[in-house]
Each structure stands twice: as structure tokens, then as C-alpha cells.
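What follows is a single structure, and I will ask about it in a moment.
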There are 2 protein chains.
Amino acid sequence: MTTARTPTGAAPTRGRRPGRSTGDDRELAILATAERLLAERAFGDISIDDLARGAGISRPTFYFYFRSKDAVLLTLLDRVIEEADAAAGDVLDRLAEDPRARWRELIGRFHATFGGHRALVLACAQVRGTNAEVRQLWAVVLERWVHAVETAIEGERRRGAAPDGLPARDLAIALNSMNERVWYATFAGDGPAVAERDVVDVLLDVWLTAIYRTVTPPQA
Amino acid sequence: MTTARTPTGAAPTRGRRPGRSTGDDRELAILATAERLLAERAFGDISIDDLARGAGISRPTFYFYFRSKDAVLLTLLDRVIEEADAAAGDVLDRLAEDPRARWRELIGRFHATFGGHRALVLACAQVRGTNAEVRQLWAVVLERWVHAVETAIEGERRRGAAPDGLPARDLAIALNSMNERVWYATFAGDGPAVAERDVVDVLLDVWLTAIYRTVTPPQA
DNA sequence: GACGCCAGTCAACACCCTGTCGAGTGGAAT
DNA sequence: ATTCCACTCGACAGGGTGTTGACTGGCGTC
């Protein structure tokens with residue numbers, strides 16, 4: 001469920017290029033600066049110089065720690081994904097207990113995680129269009145989540161709680177996609193969007209009707 | 001339903017700044033070059049110089065015709081939106097005839113329109129993150145479509161074909177959002193995506209279950 | 001305790017792209 | 001013939017990225 005990691009516990013190898021460790025704080029300072037700046041302006045309006053100055057170093061030195069501006073975002077994204085995976089936990093394994101409550105828990109926890117890093121999430125969504133690495137990372141993560149939901153839907157069908165219908169994978173893709181875009185609109189606040197306090201319930205309702213054809217699926 | 005336009009019939013005022021008309025072909029050449037180039041590489045990898053050279057003019061001359069690279073995209077987007085509006089027509093007014101068939105027609109036509117300009121649509125989705133004008137245009141258009149769907153759902157509820165449930169607007173937002181993101185994934189081809197030949201049916205199924213709680217809604 | 005190594009640092013440079021300015025040019029209207 | 005203006009582009013300024021090459025200081029080694 002979680003990605004491979006280096007012995008140090010840090011993300012794979014997105015940070016410092018090859019070597020080791022002492023200017024760890026610098027690296028952390030860059031990441032912190034990025035998340036702070038992201039809260040006040042768009043990713044595209046943040047220059048590498050801003051990141052470097054914010055961390056108390058010069059621009060060339062920045063390149064000692066990260067390959068590019070995007071690499072910083074990638075590292076930050078890694079963390080949020082890890083947080084989301086942890087928050088989701090094993091709810092999907094306990095669906096039969098109380099399907100509605102469990103699905104709500106799942107959606108609610110993702111909502112809380114993404115909502116806690118909205119600036120970062122919005123920046124990633126933007127950069128995904130232009131940066132192959134972010135696109136790739138997101139694709140892998142999404143594939144994992146889609147697969148988990150697909151399996152859960154098949155489980156519900158097998159135990160007779162959900163009717164047959166669309167291929168479970170297609171349904172899982174559609175529902176995950178909906179969540180992604182709806183959250184984006186809600187957090188970005190431009191264009192038509194569901195109010196933040198309602199968004200979990202709205203998403204839940206569509207999930208339940210699409211999976212069970214009812215908003216009150218049967219328990220075990 | 002359609003946006004205000006100038007007497008000439010060209011899009012509002014995205015193209016040539018103030019004046020009139022003779023270098024019309026240059027303007028058209030820029031637009032054509034943009035759509036051609038978009039088919040072979042990402043928007044960010046196309047420079048204004050590429051556009052200008054492609055249209056047989058110099059870079060400064062480009063600025064006589066368009067304010068920026070993004071303005072070109074905006075003009076192109078205007079056209080596709082117009083095409084989509086035309087394709088959608090009044091299907092939503094004839095829902096009661098055969099709800100499933102009409103909803104399918106609606107989704108199918110949007111699919112065909114966007115699919116016919118996939119490179120452009122993908123570019124717009126990317127740029128929306130960084131360009132306020134594209135974001136704004138898309139927000140306005142989406143609001144119109146959401147509103148149309150919202151009204152249709154309310155109509156179906158009123159005539160007893162659809163049960164009450166989520167506020168129609170929230171449901172309309174969620175479903176439109178899903179379509180947008182699912183199409184994006186299908187056209188972009190990275191990450192988990194529904195196969196192009198299935199995508200209309202998958203979307204339709206989720207729409208019907210969310211709106212009617214069944215995939216076979218009652219006719220008039 | 002001199003020596004070398006290497007993580008870490010930055011001034012300066014080369015490059016690319018954007019947007020603007022000002023000086024043209026040629027055809028249509030007067 | 002003159003004026004006007006749509007249209008054109010060479011040349012510049014500005015800002016961002018990524019790289020190079022020289023320098024520093026701590027630490028292990030002989």
C-alpha cells in the first residue's frame with residue numbers, strides 16, 4: 001500500500017541528489033518555504049530564487065538540494081499521499097459492518113487530508129499538466145486507490161449487497177475522478193462548486209447510488 | 001445561451017485588439033498553427049515564436065493579433081464551446097420522451113465534440129490552472145451547463161420520474177465534474193482511465209443511478 | 001598537525017522566452 | 001500628391017532557468 005522507501009525514512013530519492021546528510025535543515029527549510037509560499041500565491045508565481053532566499057541560501061545552492069522547482073512539489077506531494085493512505089487505513093476491509101458509515105469515513109478522511117493541504121493539492125493539480133513526474137506519481141497513486149475501490153465494489157457484489165452493473169473498475173475510476181474534480185473546485189473556489197461543508201455528503205450520495213442503487217445499503 | 005459577439009461574427013474581442021479587418025488570414029493562420037502544433041506537443045512547449053513562424057510572421061507581429069499565447073487558446077476554446085452548445089441543442093427539453101436515450105444523447109454529443117478537439121481541450125485544462133482568463137471562461141460555461149442540468153433534474157423530480165435527494169445543483173455539479181475529469185483521463189491516456197469506446201456508457205450509468213436510482217428511468 | 005577529501009556554497013555566465021518601442025512600408029481614401 | 005493607418009519587424013530590456021568553476025571549512029588519516 002505504501003511506496004518503497006530509503007532506510008532514512010525520507011521519501012525515495014526526490015531530495016538531495018546522491019550523497020548524504022548534514023544540510024538536512026536546509027532541505028527542510030526549502031520544503032517549508034515552499035508550502036508557506038504556496039499558501040499565498042500560485043506555484044507558477046514562485047521562483048526558485050524565492051524558495052532559495054526563503055531558506056536562506058542562494059539560487060545555485062538550491063540546485064544542490066533539488067533538481068528543480070517541481071521536484072520540491074513532488075516531495076511535498078509524496079508526504080500528503082502518505083498521509084492520505086494512512087488516514088484511509090483499512091476501512092474498505094470493514095465495509096460489511098455498515099457500508100454507508102464506512103464509505104463516508106473513507107471519503108471524509110480523504111477530504112480532511114486534502115483539505116489540510118489545499119494549496120499544495122491545487123498546485124499539484126496544476127503542475128500535473130506540465131510535469132511528467134507529477135503526472136506519473138499521481139497516476140500510480142490513483143491506480144492504487146482505484147484498485148482498492150474496485151476490489152471493495154466486487155466484494156459488495158459478491159456478498160449480495162450491491163447489484164451487478166458496470167465493470168467495477170470503470171465505476172471505481174468514474175467515482176474517484178468525480179471526487180478529484182469536485183474537491184478541486186471546492187478548494188479552488190472558482191466556478192461552480194459544492195460548499196465545503198456539504199461536499200462529503202454529496203459525494204457519498206453519488207457513490208452509494210452508483211454502487212448500491214440506494215443511499216441505504218444493507219449491512220451484514 | 002451563446003456569448004455576446006461583435007458585428008463581424010468573430011469571437012468577442014479576443015483576437016485583433018481594437019480595429020478592423022484585412023490581415024484576417026494572418027489571424028486565422030495563427031489559430032490554425034496553434035491547433036496543429038497542439039496536436040504534436042504540449043502547450044507549454046510551444047513558444048510565441050513557433051506560432052508566429054508557423055503563420056509566416058515575426059514575433060512582434062504576433063502581438064498585433066493576439067495579446068498573448070493564452071489569448072490564442074482562449075479564442076480556440078470559444079469555438080469549441082460554441083460547437084458543444086450547438087451539439088447539445090435542446091435535448092434536455094425533451095427528456096420525458098425517453099430519459100435514458102436523451103441523457104445518452106447529451107453525454108454522447110459532448111463526448112464527440114470534446115473528442116474532436118482533444119489536444120485543445122487538454123491544453124485548456126492545463127492552462128486553466130495558471131491563466132485567470134481561461135479559468136474564468138471555463139467557470140462561466142460550466143455554470144451554464146450545471147444550471148441546465150440542475151433544471152432538468154428538477155423537472156424530472158417534478159414529473160415524478162426521479163426521486164428527491166441531493167439538492168439538484170449539488171448533484172449537477174458533481175456529475176458535470178465527473179464527466180470533465182473522466183474525459184480528461186480518457187483523452188490524456190495517462191493514469192487509470194475508462195476506454196474511449198465505453199466512456200459514454202459508464203458516465204451515463206452513473207448519471208442515471210444518481211438521478212433516478214435506476215438505469216431504466218420511466219418515460220412520460 | 002599537515003594533508004586531502006568532500007559536502008556545501010555562491011558569483012558569474014549562457015540561454016531562452018516574453019513583451020515593448022520605435023521606425024518603417026504600402027495601399028486606400030481624400 | 002498627400003495623408004492616414006493597418007500592418008510589419010529589428011532591436012532592446014527584463015526576468016527566469018540551469019550550469020560552471022572556484023572557494024570554504026570540518027573531519028578523518030597517516
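Small disclaimer: the values here were computed from a predicted structure and weren't measured. Each chain gets a letter, A, B and so on, in the order its sequence line appears, and its residues count up from 1. Side chains are part of it too, since the values below use all heavy atoms of this structure and drop only hydrogens, waters and symmetry mates.
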When the side chains of residues 37-48 of chain A are checked against the rest of the protein, which donor-acceptor pairs come out under 3.5 Å, sequence neighbours left out?
from, atom 1, to, atom 2, distance (Å)
A:Arg41, NH1, A:Asp45, O, 3.0
A:Arg41, NH1, A:Asp50, OD2, 3.1
A:Ser47, OG, A:Asp49, N, 3.3
A:Ser47, OG, A:Asp50, N, 3.1
A:Ser47, OG, A:Asp50, OD2, 3.3

>> Distance check needed: D:dT8 C1' versus B:Glu27 CD, whole Å only.
In response: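 Rounded to the whole Å, the gap is 16 Å.
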> In chain order, what residues pass the salt bridge (charged side-chain N to carboxylate O under 4.0 Å, His left out) check against A:Asp205, with sequence neighbours excluded?
Replying inline: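 So A:Asp205 forms no salt bridge (charged side-chain N to carboxylate O under 4.0 Å, His left out) with any residue.
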>> If I take atom CD1 in residue B:Ile30 and atom C1' in nucleotide D:dT8, what distance separates them, rounded to the nearest angstrom?
In response: 12 Å
> When you measure from the side chain of A:Thr61 to the backbone N and O of A:Ile57, does any donor-acceptor pair fall under 3.5 Å?
Replying inline: no
> What residues, two or more places apart in sequence or in another chain, satisfy side chain to side chain contact (heavy atoms under 4.5 Å, CB included) together with B:Gln136?
Replying inline: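 Expected list: B:Val140.
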Can you tabulate the close N/O pairs, meaning under 3.5 Å, that link protein atoms to atoms of nucleotides 10-14 of chain C?
from, atom 1, to, atom 2, distance (Å)
C:dC10, OP2, A:Ser58, N, 2.9
C:dC10, OP2, A:Ser58, OG, 3.2
C:dC10, OP2, A:Thr61, OG1, 2.8
C:dC10, O5', A:Ser58, OG, 3.4

>> Going by side chain to side chain contact (heavy atoms under 4.5 Å, CB included), name the residues that satisfy it together with B:Ala125, two or more places apart in sequence or in a different chain.
In response: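 Scan of B:Ala125 (side chain to side chain contact (heavy atoms under 4.5 Å, CB included), adjacent residues dropped) gives B:Tyr184.
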> Tell me, which pairs form a salt bridge (charged side-chain N to carboxylate O under 4.0 Å, His left out) where one or both residues lie in residues 183-196 of chain B, sequence neighbours left out?
Replying inline: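 Pairs touching residues 183-196 of chain B that pass the test: A:Arg135-B:Asp190, B:Arg118-B:Glu196.
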>> If you compare every side-chain N and O of A:Tyr65 against the phosphate oxygens of C:dT9 (OP1, OP2), does one of them come in below 4.0 Å?
In response: yes
>> Please report the distance, rounded to the nearest Å, between OH in A:Tyr63 and C1' in D:dG16.
In response: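 Going from A:Tyr63 (OH) to D:dG16 (C1'), I get 8 Å.
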> Of the residues in residues 42-52 of chain A, which ones touch DNA chain C at a heavy-atom distance under 4.0 Å?
Replying inline: none
>> Check B:Glu83 with B:Arg109, please: is the shortest side-chain N to carboxylate O separation under 4.0 Å?
In response: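 Looking at B:Arg109 and B:Glu83, the cut-off is not met.
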> Quick one: A:Asp25 CG to C:dT9 C1', roughly how many Å, whole number?
Replying inline: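 Rounded to whole Å, this separation is 14 Å.
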> What pairs with B:Arg59 under salt bridge (charged side-chain N to carboxylate O under 4.0 Å, His left out), at least two apart in sequence or on another chain?
Replying inline: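 For B:Arg59, no residue satisfies salt bridge (charged side-chain N to carboxylate O under 4.0 Å, His left out) once neighbours in sequence are set aside.
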> Given atom CZ of A:Phe66 and atom P of D:dG18, what is their separation to the nearest angstrom?
Replying inline: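 To the nearest whole Å, that distance equals 14 Å.
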> Under 4.0 Å: is that the gap between some side-chain N or O of A:Arg26 and OP1 or OP2 of C:dA7?
Replying inline: no
>> Can you pull out every salt bridge (charged side-chain N to carboxylate O under 4.0 Å, His left out) where at least one residue sits in residues 28-37 of chain A? Sequence neighbours excluded, please.
In response: none
> Just how far, in rounded Å, is C1' of C:dC17 from CG of B:Asp70?
Replying inline: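 Distance, rounded to whole Å: 14 Å.
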> Can you check the B:Lys69 NZ to C:dC16 C1' distance for me, whole Å?
Replying inline: 12 Å
> Can you check the A:Phe62 CZ to D:dG16 P distance for me, whole Å?
Replying inline: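 That distance rounds to 14 Å.
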